[in-house]
Amino acid sequence: GFKFSRASYLISLLRPKIIEDLKLKEHGLKLHMRNPSSYTPIKQRIAGKDQITSLTLGMDMEENISQIAQFSAKDARNYPLYVQFVGKVAQAMESLIDSPPPILTEFSSKAGLRKQLEELFQPARALVSAGYHLKNDLPSAYELLTAPSSKILNQWFESEPLKSTLATDAVIGAMLSPHTPGSGYVLLHHVMGGVDGVAGAWAYPHGGMGAVSQAIAAAAEKHGATIVVDANVEAILTDKDRRGVNMVNGVYLDDGTVLRSETVLSNATAHVTFQKLLNQETLPEKFRAEISTIDYSSPVTKINGKLHSF
């Protein structure tokens with residue numbers, strides 16, 4: 001028999017601090033580096049004959065340069081510079097990724113304004129730090145975050161095999177094309193993580209993606225958590241406090257069990273959490289409207305297959 005991950009199948013964006021704080025490797029997490037990272041088979045018609053070649057990219061920069069040089073000497077020279085630039089932008093984003101996002105709520109008093117300004121302080125400081133890190137590259141970094149990936153790649157490269165290979169990281173899992181403004185950010189997104197201190201690297205968890213969940217579960221149980229599986233939540237329960245404000249106070253399972261808690265964390269989508277599990281009357285109308293407009297469209301179709309070796 002064998003195991004495979006039906007959805008996500010790689011790890012890179014799980015923050016190192018989480019792995020370290022939860023000691024996930026002590027709880028069984030084992031990672032195998034993804035190398036090579038891409039393989040692009042190419043068939044070209046040259047002088048009336050089909051020529052079969054390929055472009056393989058991985059962790060060895062010298063080998064990458066050699067591979068790219070098959071198609072363009074200029075691209076082979078520019079590729080290390082491109083990787084360096086994108087890596088620098090990703091490094092500048094580090095402080096932003098690990099800082100909590102501000103809670104942008106409406107305020108009706110000076111106290112509310114003061115609290116919101118305090119919420120904005122840490123991410124604002126992280127943003128200033130990112131700008132300082134980028135210095136003269138700040139305009140180019142802004143373009144990377146906002147422009148179409150096709151524009152970014154055309155500025156750096158000329159060969160279609162390389163641009164097509166890199167462009168996959170700008171559209172994978174996203175309902176857009178390489179010509180869509182903002183798709184350049186998705187290029188950056190795929191190098192913002194890392195594995196075992198190697199920036200931008202991706203890895204396969206030994207045992208599949210479920211092994212990550214099992215390691216987190218083991219860490220939680222060591223700290224006293226009780227994990228219940230095959231328990232479908234039918235509703236998140238709320239009640240009014242003394243001020244008449246709706247407060248969460250537990251969950252209701254489909255077998256009739258009620259679990260009381262002052263805090264409920266939901267890993268379901270915003271659509272499921274707020275439109276399916278919570279009583280709609282407990283939520284502000286404006287918030288309900290915002291949740292209902294979230295677009296979950298996806299172009300992804302995944303095919304899983306088993307390869308037999310002979």
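On a predicted model such as this, the values are computed, not experimentally measured, just so you know.
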**Prompt:** With distance as the sole test, does R34 use its side chain to make a donor-acceptor pair with the main-chain N or O of S37 at under 3.5 Å?
**Reply:** yes
**same_hphob_cluster(L188, F85) at 4.5 Å side-chain heavy-atom cutoff** = yes
**Request:** Step by step, work out the salt bridge (charged side-chain N to carboxylate O under 4.0 Å, His left out) result for K151 and E143.
**Result:** CA-CA 9 Å; K151 180 180 179 181; E143 185 175 43; 3.1 Å; yes
**Request:** Taking atom types as modelled, find out whether S72 and S159 have a side-chain donor-acceptor pair closer than 3.5 angstrom.
**Result:** no
**Asked** What are the two closest heavy atoms between H179 and S150, and how far apart are they?
**Response** ND1-OG, 3.0 Å
**Asked** Just by distance, with hydrogens left out, do S38 and T165 show a side-chain donor and acceptor under 3.5 Å apart?
**Response** no
**Prompt:** Where do K302 and Y9 land on the side-chain contact (heavy atoms from CB on, under 4.5 Å) test, with the steps shown first?
**Reply:** CA-CA 11 Å; K302 187 179 178 189; Y9 57 96; 3.7 Å; yes
**Request:** Report the C-alpha distance between R15 and D21 in whole Å, list the side-chain angles of each, state the deciding distance to 0.1 Å, and finish with yes or no for salt bridge (charged side-chain N to carboxylate O under 4.0 Å, His left out).
**Result:** CA-CA 10 Å; R15 301 303 297 156; D21 285 356; over 6 Å; no
**Pairwise side-chain contact, V186 with D169, heavy-atom cut-off 4.5 Å (strictly under)** = no
**Asked** Less than 4.5 Å apart, any side-chain heavy atom of K163 and any of D75?
**Response** no
**Item:** Whether over 12 other heavy atoms sit under 6.0 Å from H32 NE2
**Value:** yes
**Asked** Any luck finding a side-chain donor-acceptor pair between S292 and Q275 under 3.5 Å?
**Response** no
**Prompt:** Should the heavy atoms of other residues, nucleotides or ligands under 6.0 Å from CD of E285 be counted, would the total exceed 12?
**Reply:** no
**Item:** Aromatic ring pairing Y82/W156, orientation class (parallel under 30°, perpendicular over 60°, tilted between)
**Value:** perpendicular
**Request:** Please answer whether the main-chain N or O of V264 pairs with a side-chain N or O of S261 as donor and acceptor at a distance below 3.5 Å.
**Result:** no
**Item:** Exam field: side chain Q280 to backbone F274, donor-acceptor pair closer than 3.5 Å
**Value:** yes
